[in-house]
There are 2 protein chains.
Amino acid sequence: MQIKEIIESSKRHWETALPHLSIDCVVFGFDQQQLNVLLLKLKDNAENWILPGGYVLKKEALDDAARRILKERSGADKIFLNAFNVFGDLNRSEGYFTEYDDDLWHKQRFVTIGYYALVDHESVTPVIDASSEDCRWMPIDELPEMVMDHKSIIENALATLREQIRYKPIGYNLLPEEFTMPELQRLYEAVLGYKLNRGNFYRRIMRYNILKKLDKERKGGAHKSPILYSFDKDNYQKALNEFSW
Amino acid sequence: MQIKEIIESSKRHWETALPHLSIDCVVFGFDQQQLNVLLLKLKDNAENWILPGGYVLKKEALDDAARRILKERSGADKIFLNAFNVFGDLNRSEGYFTEYDDDLWHKQRFVTIGYYALVDHESVTPVIDASSEDCRWMPIDELPEMVMDHKSIIENALATLREQIRYKPIGYNLLPEEFTMPELQRLYEAVLGYKLNRGNFYRRIMRYNILKKLDKERKGGAHKSPILYSFDKDNYQKALNEFSW
DNA sequence: CCAAAAGTGTTATAAATACACCCATGT
DNA sequence: ACATGGGTGTATTTATAACACTTTTGG
């Protein structure tokens with residue numbers, strides 16, 4: 001980002017957003033192989049990547065801000081969003097923007113709200129905005145160097161996701177509308193980080209009654225066409241509200 | 001609180017604290033009978049109670065702020081503190097302080113970080129500060145009318161506590177240094193809201209290996225003196241870090 | 001003696017885990 | 001033919017729950 005652009009955006013932010021408060025989104029996406037996180041690379045910031053984040057408008061609810069930021073960054077719309085932690089240490093942005101004036105927006109002390117989001121990999125077109133030189137999916141087990149405490153924010157989000165998956169269904173927002181059983185299983189394995197037994201997974205998933213079997217198959221593979229499923233929205237929501245997985 | 005005092009504190013807060021950001025503490029204490037929450041009643045605020053809360057100093061980490069606020073309000077020192085959620089809706093403080101000028105600190109739009117704290121009931125002396133007319137323990141199943149969204153913040157904290165107790169040990173900060181097995185069981189029952197089987201509870205607790213049996217008993221009861229225990233700090237910490245309860 | 005506490009035994013039930021079998025089907 | 005997918009059977013282990021019995025002990 002050019003100095004001029006930074007100064008410009010700084011003025012705008014002071015006028016429109018709540019100071020000292022930011023939102024960082026850990027956006028998880030699944031590409032049928034592995035779990036990925038959406039990351040940005042700022043211009044002029046060497047090799048360091050950054051979480052898509054933003055600020056809360058003065059008349060905007062926190063959750064709405066997270067949704068807006070995510071939409072701006074990824075084009076993703078129907079998403080599962082959850083505030084999972086707050087990061088408010090003093091030293092978390094130490095050493096950044098030191099060469100700028102103290103009234104620069106970005107140089108404030110920030111408390112950031114960590115949101116994690118589950119999005120369908122396919123429905124997302126990473127948007128490279130004015131301040132970024134790159135925006136892309138990165139696999140969670142090969143994260144690049146990251147700015148400030150952003151890597152530990154991701155690890156914290158992943159730990160939360162792994163706890164959640166044990167007693168709440170996951171997948172509604174990480175998979176396309178229609179998907180197959182092996183795809184769902186691979187998603188679970190990617191989140192948990194280990195293999196699951198196929199037969200047991202099948203029975204367990206079926207027992208929770210959150211799937212609708214569609215009357216069609218995914219053609220074109222090299223082998224037997226797998227059956228397509230979609231989530232039963234009502235039962236899925238019901239399962240989300242209980243906590244007994 | 002007198003108008004004059006409000007105006008005074010307003011000036012001070014603008015100088016020392018981060019705007020738009022507050023902390024509210026749900027302080028749980030156990031009195032051998034039931035689970036209680038520490039609540040305040042503001043002067044001039046009719047029948048409405050409020051959570052002990054405060055603001056984050058400009059050069060103060062979030063967790064430190066929560067600890068400080070709690071110490072000021074309760075005198076409690078060695079406490080278990082945990083940020084459990086953020087409350088950032090627009091309408092959460094709507095209708096308060098409407099009769100004051102817009103530059104009043106308290107009239108800002110606030111995003112509040114909810115912390116829950118577990119404290120030893122005995123070690124706390126509720127402090128009635130300048131702005132409060134009352135400060136006391138209230139049982140969680142008989143909460144009074146509360147200001148803004150504070151009642152739902154408590155319910156959210158309690159739900160979090162009930163989830164936590166299923167896979168992490170609870171009690172280190174809710175019980176005195178030395179305690180008996182029946183006391184620990186009553187604590188669990190108070191948190192969960194239902195009775196547990198004694199024999200099974202005994203075995204389960206023992207299996208987790210977090211208790212040190214002391215070589216003495218609690219004398220003076222009407223019946224057989226129960227054995228005193230304390231927590232084995234190392235193993236307790238280890239159990240906290242795993243997540244397999 | 002009585003009531004609470006401590007510790008253990010037993011049994012039923014449910015859940016998790018690991019394997020294995022059979023059938024279907026697209027190339 | 002064969003690799004993948006769908007569906008089910010089954011045996012083992014582990015966890016949870018309900019209940020009961022015994023012994024100890026303070027008053």
Side-chain angles (χ1 to χ4, degrees), chain A residues 32-33 162-163 165-171 175-176 178-189 191-230 239 242-245, chain B residues 32-33 162-163 165-171 175-176 178-189 191-230 239 242-245:
Chain A
Q32 312 294 350
Q33 296 297 324
R162 283 183 175 154
E163 274 190 47
I165 204 177
R166 300 168 139 258
Y167 56 93
K168 288 184 193 272
I170 296 278
L175 291 174
E178 304 182 346
F179 54 89
T180 69
M181 190 60 74
E183 284 166 4
L184 184 59
Q185 181 172 350
R186 277 199 294 279
L187 167 62
Y188 268 72
E189 291 173 343
V191 169
L192 289 170
Y194 52 83
K195 292 275 172 206
L196 297 171
N197 178 281
R198 189 186 56 81
N200 294 339
F201 179 79
Y202 175 85
R203 261 178 300 219
R204 174 199 263 256
I205 274 292
M206 287 317 236
R207 210 170 39 222
Y208 295 117
N209 202 30
I210 55 174
L211 295 188
K212 261 194 317 216
K213 188 193 280 206
L214 303 179
D215 208 15
K216 44 185 173 175
E217 294 160 358
R218 159 116 58 234
K219 302 281 184 190
H223 304 284
K224 178 185 177 181
S225 302
I227 300 168
L228 283 168
Y229 294 87
S230 68
E242 296 164 11
F243 67 118
S244 45
W245 266 50
Chain B
Q32 310 293 351
Q33 297 295 323
R162 283 183 175 155
E163 273 190 49
I165 205 177
R166 300 168 137 256
Y167 57 93
K168 289 185 192 272
I170 296 278
L175 290 174
E178 303 182 348
F179 54 90
T180 69
M181 189 61 75
E183 283 165 4
L184 183 60
Q185 182 172 349
R186 277 200 294 278
L187 167 62
Y188 268 72
E189 291 173 344
V191 169
L192 289 169
Y194 53 85
K195 292 276 171 204
L196 297 170
N197 177 279
R198 189 187 58 79
N200 295 337
F201 179 79
Y202 175 87
R203 263 178 301 220
R204 174 199 263 256
I205 275 291
M206 287 318 234
R207 212 172 36 226
Y208 294 118
N209 201 30
I210 55 175
L211 295 188
K212 259 192 320 214
K213 187 193 280 207
L214 303 179
D215 207 15
K216 45 185 173 175
E217 294 159 0
R218 161 111 66 234
K219 301 283 182 188
H223 305 285
K224 178 185 175 180
S225 302
I227 300 168
L228 282 167
Y229 293 88
S230 68
E242 296 164 11
F243 66 116
S244 44
W245 267 51

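Only this structure's heavy atoms are used, side chains among them; waters, hydrogens and symmetry mates stay out.
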* Structure fact -> Residues at least two apart in sequence or cross-chain that pass side-chain contact (heavy atoms from CB on, under 4.5 Å) with A:N200, listed by chain then number, are A:N197, A:R203
* Atom-to-atom span, NZ of A:K195 to C1' of C:dA16 - whole angstrom ->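 Rounded to the whole Å, the gap is 20 Å.
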* Look only at the side chain of B:R186 and the backbone of B:Q33, and say whether a donor-acceptor pair between them is shorter than 3.5 Å. => no
* Apply side-chain hydrogen bond (donor to acceptor under 3.5 Å, both in side chains) to B:R198 and list each qualifying residue two or more places apart in sequence or on a separate chain. => none
* Go through the structure and list residues passing side-chain hydrogen bond (donor to acceptor under 3.5 Å, both in side chains) with A:Q32, not counting sequence neighbours. =>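 Partners of A:Q32 under the side-chain hydrogen bond (donor to acceptor under 3.5 Å, both in side chains) test: none.
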* Measure from the side chain of B:R204, starting at C-beta and using heavy atoms only, and say which of C:dG7, D:dT16, D:dG5 lies closest. =>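 Among the listed nucleotides, the one closest to the side chain of B:R204 is D:dT16.
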Have a look at [X] and say if it touches a base, only the backbone sugar-phosphate, or nothing, with a 4.0 Å heavy-atom cut-off.
X      : result
A:R207 : sugar-phosphate
B:K213 : sugar-phosphate
B:M206 : nothing
B:Y229 : sugar-phosphate

Name each donor-acceptor pair under 3.5 Å that joins a side chain in residues 217-229 of chain A to protein atoms two or more places apart or in another chain, with its distance.
| from | atom 1 | to | atom 2 | distance (Å) |
| --- | --- | --- | --- | --- |
| A:R218 | NE | A:E183 | OE2 | 3.4 |
| A:R218 | NH2 | A:E183 | OE1 | 2.9 |
| A:R218 | NH2 | A:E183 | OE2 | 2.8 |

* Pairs involving residues 206-216 of chain B, ordered by first then second residue, that meet salt bridge (Lys or Arg N to Asp or Glu O under 4.0 Å) (sequence neighbours left out) ->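 Residue pairs with at least one partner in residues 206-216 of chain B: B:E178-B:K216.
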* Asked: B:Y202 side chain N/O closer than 4.0 Å to the phosphate oxygens (OP1, OP2) of C:dG7?
  -> yes
* Structure fact -> 5' to 3', nucleotides 20-27 of chain D under a 4.0 Å protein heavy-atom cut-off (B base, S sugar-phosphate only, - none) gives ----BBSS
* Structure fact -> Ranking A:N200 and A:L228 by the position along DNA chain D of their nearest nucleotide, the one closer to 5' is A:L228
